[in-house]
Amino acid sequence: MRKLEGTVYHAARGWLPQLLEELGERDRLDGELVTVLGPRRRARWVRNTWLEPFLLDFESVGEAARLLKDIQRNWAPCPTRLHRRTALVAERLPSLPSKPKRFPFEVPDVPMGAFTLLDEHRLLGSARCSSPFPNGQFDFEEDREGPPSRAYRKLWEALALAGTRPAPGERCLDAGASPGGWTWALAELGAEVLAVDRAALEPRIAAMPGVSAMRHDAFTLKPEDVGPVDWLFSDVICYPPALYAWVEKWLESGLARNFVCTIKMQGAGFDRASTDLFEAIPGSRVLHLWHNRHELTWIKVEGDRGLGSP
Ligand SMILES: C[S@@+](CC[C@H](N)C(=O)[O-])C[C@H]1O[C@@H](n2cnc3c(N)ncnc32)[C@H](O)[C@@H]1O
């Protein structure tokens with residue numbers, strides 16, 4: 001085994017161009033895996049980061065599986081070529097959890113590795129990865145009747161990775177709430193939710209216990225008008241600087257304890273300057289969730305477990 005002094009970045013689904021732009025120069029590109037030697041770089045458009053990559057030579061698929069198993073139990077295959085041979089190695093490894101997860105759940109603190117075959121007798125792997133899920137991918141058991149949109153899945157994911165969630169009775173501001181997916185998820189947890197949107201909330205969501213709906217521009221609502229909140233959520237579609245300016249007001253006011261906000265990118269681009277500003281806020285992080293689209297999620301949460309980040 002030969003250790004590589006560098007990092008392998010597995011691009012977020014569909015966002016390889018953004019990752020390549022973010023990383024600049026690279027040393028290898030294997031499918032959606034970007035290898036960069038030298039110090040780790042800041043990378044947000046990833047589904048998983050391979051933190052301790054190595055090259056491993058082997059004679060047979062059996063030997064490849066045995067050598068990986070000698071290191072640890074969990075290995076996610078990430079085929080970039082030689083798909084059949086990769087599958088043959090994977091078949092000889094312990095199976096990985098693949099059942100959709102029911103929220104809330106505790107993410108286990110068990111290392112999840114990843115590997116890809118570079119040729120018939122050499123693989124690139126890493127026992128330590130940023131994501132606790134195989135290739136950063138997992139699904140929730142979905143509720144097809146309760147929520148009016150599927151946006152709640154990214155909220156669930158953010159809370160699962162933070163390892164915490166609103167407790168019953170905690171006060172939440174849900175900005176950009178319509179039609180009500182996030183509000184539904186928060187009300188299901190027993191939280192008190194002030195749902196703010198210029199558009200109407202779906203009536204049956206507005207009628208849930210603990211929910212009050214307000215039709216308003218979230219950004220012209222001052223923190224003092226809302227009062228203290230335990231959690232501030234935003235899924236507002238807006239330019240990232242507008243969200244940042246609003247979040248700054250809340251931070252200055254000291255009236256919100258926890259934040260989970262979606263940073264929506266416009267067009268094909270990536271607003272790196274705004275993203276850097278968010279990430280520079282102490283005690284916070286920015287990541288691309290499996291359930292995110294052309295957007296990133298900023299999390300500033302007390303007791304954040306930090307799962308999903310390098
Ligand atoms: C992606 S949707 C939110 C989906 C929602 N989180 C859910 O789970 O169903 C974005 C919302 O932002 C709202 N929005 C856009 N600008 C806004 C503003 N300045 N103030 C409040 N809401 C705004 C839109 O009306 C839209 O409903």
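Just follow the structure's listing: the first ligand is 1, and inside any ligand the first atom is 1.
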Q: Heavy atoms, side chains only, cut-off 4.5 Å: are Tyr152 and Leu186 in contact?
A: no
Q: Identify, with sequence neighbours excluded, every residue that meets ring pair (Phe, Tyr, Trp, His ring centres under 6.0 Å) alongside Trp75.
A: none
Q: Once ring pair (Phe, Tyr, Trp, His ring centres under 6.0 Å) is applied, do any residues pair with Trp45, and if so which ones, sequence neighbours excluded?
A: Trp15, Phe270, His288, His294
Q: When you measure from the centre of the six-membered ring of Trp290, is the NZ or CZ of Arg13 closer than 6.0 Å and no more than 45° off the axis?
A: yes
Q: Taking Asp57 first and then Arg2, would you say they form a salt bridge - that is, a charged N and a carboxylate O separated by under 4.0 Å?
A: no
Q: What residues sit with at least one heavy atom under 4.0 Å from ligand 1?
A: Ser149, Ala151, Gly176, Ala177, Ser178, Pro179, Gly180, Gly181, Trp182, Asp197, Arg198, Ala199, His216, Asp217, Ala218, Asp235, Val236, Ile237, Lys264
Q: Using side chain to side chain contact (heavy atoms under 4.5 Å, CB included) as the criterion, list what pairs up with Pro241, not counting sequence neighbours.
A: Tyr239, Asp271, Ser274
